[in-house]
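Working notes for the structure below.
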Amino acid sequence: MSDTPVEEMSFEQAMAELEQVVGQLERGEVPLDQSIALYERGAKLKARCEKKLKDAEEKVAAITLDANGEPAGLKTVEGL
């Protein structure tokens, strides 16, 4: 596990560590107390990834929708 606080991780960092945590838990080669700590860290990493994705979705929506919530400046195939 990384020493980096989850709140400071980028999406990519959190996802990479989450994959490592899942792998360790799936192999079942760690003692119960360590498994619990890994699970808790994994839950925090998952929440971080979800938050970063939600933030990205909101940014994309802000630049692609007009004030009425309609697609802004997008051409349709029919119009080409």
Side-chain angles (χ1 to χ4, degrees):
M1 284 192 299
S2 170
D3 291 335
T4 305
V6 173
E7 301 78 26
E8 295 177 11
M9 290 182 158
S10 68
F11 174 83
E12 292 80 7
Q13 292 169 319
M15 185 60 104
E17 186 174 334
L18 182 56
E19 288 173 355
Q20 291 175 356
V21 167
V22 169
Q24 287 180 304
L25 290 172
E26 286 180 337
R27 286 190 296 279
E29 299 171 351
V30 293
L32 180 59
D33 58 337
Q34 188 178 355
S35 293
I36 293 169
L38 283 170
Y39 176 83
E40 290 171 349
R41 176 78 174 185
K44 290 178 184 177
L45 291 164
K46 177 185 172 284
R48 178 66 175 172
C49 289
E50 289 173 342
K51 180 183 182 321
K52 296 299 274 182
L53 284 173
K54 185 174 188 279
D55 292 348
E57 288 174 350
E58 289 172 357
K59 288 178 184 178
V60 168
I63 61 174
T64 59
L65 300 178
D66 65 16
N68 297 321
E70 299 294 325
L74 301 177
K75 295 181 181 179
T76 64
V77 175
E78 296 172 11
L80 296 177

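In what follows, every heavy atom counts, from backbone to side chain, and hydrogens, waters and symmetry copies are set aside.
- Listed by chain and number, the residues in a side chain to side chain contact (heavy atoms under 4.5 Å, CB included) with Asp33 are Pro31 (sequence neighbours excluded).
- Smallest separation of non-hydrogen atoms from Leu25 and Ser35: CD2-O, 3.7 Å.
- In this structure Ser2 satisfies the side chain to side chain contact (heavy atoms under 4.5 Å, CB included) test together with Thr4, Met9, Glu17, Arg41, sequence neighbours excluded.
- With sequence neighbours left out, the salt bridge (charged side-chain N to carboxylate O under 4.0 Å, His left out) criterion links Glu50 to Lys46.
- Nearest approach of Val21 to Leu45, heavy atoms of both residues: CG2-CD1, 4.2 Å.
- When hydrophobic side chains of Ile, Leu, Val, Met, Phe, Trp and Tyr are connected at separations under 4.5 Å, Ile36 ends up clustered with Leu32.
- For the residue pair Thr64 and Val60, the shortest heavy atom distance occurs at OG1-O, 2.7 Å.
- Between Asp55 and Lys51, at least one side-chain N (NZ, or NE/NH1/NH2) sits under 4.0 Å from a carboxylate O, which counts as a salt bridge.
- Within the 3.5 Å criterion, the main-chain N or O of Pro5 finds no donor-acceptor partner in the side chain of Glu8.
- Residues forming a salt bridge (charged side-chain N to carboxylate O under 4.0 Å, His left out) with Lys54 (at least two apart in sequence, or on another chain): Glu58.
- For Lys52, the side chain to side chain contact (heavy atoms under 4.5 Å, CB included) criterion is met by Phe11, Arg48, not counting sequence neighbours.
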